[in-house]
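Data first, discussion second: the structure below is written as structure tokens.
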2 protein chains.
Amino acid sequence: MERGKVTSAQVAARAGVSQSAVSRVFTPGASASRKTIEKVRLAAAELGYRPNVLARAMVSGKSRIIGVVVAYLENQFYPLALERLSVALQARGYHILIFTAYNSIGEADAVVEEMMDYQVDGIITASVAISSTLANRAKTAQIPVVLFNRGQNDSGLPSVTSANVAGGRKAAEFLLAGGHDRIAHIAGWQGSSTGRDRQAGFLSALQEAGVAPFALIDGMYKRDIAMDCARDLIAGPTRPDAIFVGNDHMAFAVMDVLREAGLVPGRDISVVGYDDVPLSSWGAYDLTTIRQPVNRMVDATVEMIIDHIETPGATPQQIEIDSELQIRSSARIPEGWKK
Amino acid sequence: MERGKVTSAQVAARAGVSQSAVSRVFTPGASASRKTIEKVRLAAAELGYRPNVLARAMVSGKSRIIGVVVAYLENQFYPLALERLSVALQARGYHILIFTAYNSIGEADAVVEEMMDYQVDGIITASVAISSTLANRAKTAQIPVVLFNRGQNDSGLPSVTSANVAGGRKAAEFLLAGGHDRIAHIAGWQGSSTGRDRQAGFLSALQEAGVAPFALIDGMYKRDIAMDCARDLIAGPTRPDAIFVGNDHMAFAVMDVLREAGLVPGRDISVVGYDDVPLSSWGAYDLTTIRQPVNRMVDATVEMIIDHIETPGATPQQIEIDSELQIRSSARIPEGWKK
DNA sequence: CTGAAAGCGCTTACAG
DNA sequence: CTGAAAGCGCTTACAG
């Protein structure tokens, strides 16, 4: 029946109408008579015709493709976010062109440029920063950029994050309330806004309580680095009685190290993470953590990017989604606090 | 400097050459004089010109986009595969358009059709099956399809899987060698080739040993179903002394249930999984499992799809990558077997 | 090597 | 409502 690509012209010929008529039948909102619609639909079905999205994109200037830059897929938070992003965007008729990039801004920039080559309608960067130069290029090219789970204050770029400073504070307050006084922090990567903000919140709460941090180390969001940090922490003559870890992914590593050393998290040393990925609630870890509501963050991101696509003038916002403490058993529960 | 999109015509005007000359400078392999190249590169740089990939795709018929269908991103195996897939494809100048689909074939079909609308050069379906009708449409449209981690014998579609039957056998042989004789199987989804093959291998090894399976249940690759299965298994008057679980994702659930019931995996009940995702090696689980080498599977997939894209006539192959036993502590280690 | 021209498959004013 | 025509931004024979 169909050999190779079927075009609107072929459908037009078969239906006995003009090519423009075929186009109109497949263009939502365009006008066509009942009779034309019928003839065209029939011919299209017989031929197996479907409009070429790329051709449509060329003339309309809308590709309905959103570029998404990802990294850190080993941290369960991101695949989850990606999945929901994809589902939410698909539901609105957009699709995701994925690019992977790692830490360096240079790489992220290159990747974003490539995305622009594909005429994406918008760009979402998950946990990745781009240079202000490139942010400007995107702006002049009229391609909205939204940062997911990363802020970039200077850039004025729209972003969606959780309330990281407040979250860091909550972790500290919880640990303080639990009577800990040797609280270490294995921080999230200090080159990222999330890592810095969580640490800042944590430190300020400690300071207000007049407690000095037991130790402060950058765990870089990496499992093996976090393990090294944890080993160092428990090797010394005095140990911390609690560790606030910059994200769950590293907190699991810390708990593994503690247990290997015969220490029981929640009894011997309290561990608090950040993210509340599904694994945190699984029996093996049962991690107390600060929840980043991935659903709400994704929804806000989708809404924001579509908003910017549809109304080009829209003012960029930096949205912060509330983060809340999720109490489990990896850290001592203060009197009167409920699980 | 640049306002909106810069086109090759603008670059041509500035460089004082024809539009075709500009195109040639940006087309690898096309001929242009040294002088032309210089003038064009300069003008392009000044204007911030980059070729419109979509326009190129229209005329060349090559979009350099590969459509990837994913599901089950909660199973760590897939984000990992996706990441490597993306990196490998990016390195070869391709990019990934992601579509999410869940179990129903109808949905997968719809998604694959949408991909074809985007004129993708090829399609990779990860852990998802499509109808033979659609497979045929893809074939007539000359769009190669490769199944990743799923076979579909009847379809004759190219596929890359691990040696699931052999893997299932290995799990059984290991458990048998360990002296277990009440071996249960919480199987992978029986609607999938992986689930069926692993079970088939497992059963055949048991049968050869003259051992009847203690129980056989479809865990559907779902965490909560696996938990229910595990609870049922340990609730009865006699318990299994080993459980082979259809994938690691479910095996973690099983281990969580066992521990909650005060049972120690590897001592009271042996647990063997399938996949060897990173989490399996983490201290909290230390799961004995059958390794699916994701790197090699991805490499084979990439090679295969590119092969089919570049040489349209290529004969479809079903590649099976060896799977091997990874011994850890979640299951009793038979005398003389090494970790 | 280089330019003029056709064409990829569509959408969208423009007349009728 | 409908068709003829222009045009989206490129690549690629075709002459020169």
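Naming: A, B, ... by sequence-line order, numbering from 1 per chain.
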For the pair made of [atom1] in [X] and [atom2] in [N], what is the distance, rounded to whole Å?
X: A:Asn52; N: D:dC10; atom1: CG; atom2: P; value: 17 Å
X: A:Lys39; N: D:dT2; atom1: NZ; atom2: C1'; value: 11 Å
X: A:Arg50; N: C:dG9; atom1: CZ; atom2: P; value: 17 Å
X: A:Met58; N: D:dA6; atom1: CE; atom2: P; value: 18 Å
X: A:Gln119; N: C:dG9; atom1: CD; atom2: C1'; value: 16 Å
X: B:Gln10; N: D:dC8; atom1: CD; atom2: C1'; value: 13 Å
X: A:Arg64; N: C:dC10; atom1: CZ; atom2: P; value: 17 Å
X: A:Asp117; N: D:dG9; atom1: CG; atom2: C1'; value: 13 Å

Open item on the list: In the structure I gave you, are the side-chain heavy atoms of B:Leu89 and B:Val302 within less than 4.5 Å of one another anywhere?
Closed with: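 Yes, at least one pair of side-chain atoms sits under 4.5 Å.
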Task: Identity of whatever pairs with C:dA13 - Watson-Crick or G-U, under 3.5 angstrom - done: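 Answer to the pairing question: none, since C:dA13 forms no Watson-Crick or G-U pair.
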Task: Counter-base of C:dA4, judged by Watson-Crick or G-U geometry with both distances under 3.5 Å - done: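 Matched C:dA4 with nothing under the 3.5 Å cut-off.
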- [ ] Determine whether the side chains of A:Asp109 and A:Ser131 contain a donor N or O and an acceptor N or O closer than 3.5 Å.
- [x]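 Judged by distance alone, the side chains do pair up.
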Open item on the list: Considering every strand and a 4.0 Å limit on heavy-atom distances, what is the contact class for B:Ser31: base, sugar-phosphate, or nothing?
Closed with: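 Here B:Ser31 touches the bases of the nucleic acid.
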Please produce a list of atom pairs where a protein N or O lies less than 3.5 Å from an N or O of nucleotides 11-13 of chain C.
unit_1 : atom_1 : unit_2  : atom_2 : d
C:dT11 : OP1    : A:Arg56 : NE     : 2.7
C:dT11 : OP1    : A:Arg56 : NH2    : 3.0
C:dT11 : OP2    : A:Ser23 : OG     : 2.1
C:dT11 : O5'    : A:Ser23 : OG     : 3.4
C:dT11 : O4     : A:Gln19 : OE1    : 3.3
C:dA13 : N6     : A:Arg24 : NH2    : 3.0

TODO: Mind listing the closest non-hydrogen atom pair of B:Val146 and B:Ser159 along with its distance?
DONE: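 Closest heavy-atom pair between B:Val146 and B:Ser159: CG1-CA, 4.5 Å.
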Open item on the list: Looking at B:Arg50 and A:Glu114, is there a salt bridge between them, counting it only when a charged N and a carboxylate O are closer than 4.0 Å?
Closed with: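 No, no charged N to carboxylate O under 4.0 Å.
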Open item on the list: Whether A:Ser33 contacts D:dC1 is assessed here as follows: a side-chain N or O lying under 4.0 Å from the phosphate OP1 or OP2. Is that the case?
Closed with: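 Checking A:Ser33 against D:dC1: no side-chain N or O falls below 4.0 Å of OP1 or OP2.
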- [ ] Decide if the gap between the ring center of A:Phe26 and the ring center of A:Tyr49 is smaller than 6.0 angstrom.
- [x]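 Yes, ring centres under 6.0 Å apart.
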Open item on the list: Within a 6.0 Å radius of atom CD on A:Gln19, are there more than 12 heavy atoms belonging to other residues, nucleotides or ligands?
Closed with: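 Yes.
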Open item on the list: Looking at A:Glu113, I want to see if its CD is surrounded by more than 12 non-hydrogen atoms of other residues, nucleotides or ligands under 6.0 Å.
Closed with: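 Yes, CD of A:Glu113 has more than 12 neighbouring heavy atoms, counting only those of other groups under 6.0 Å.
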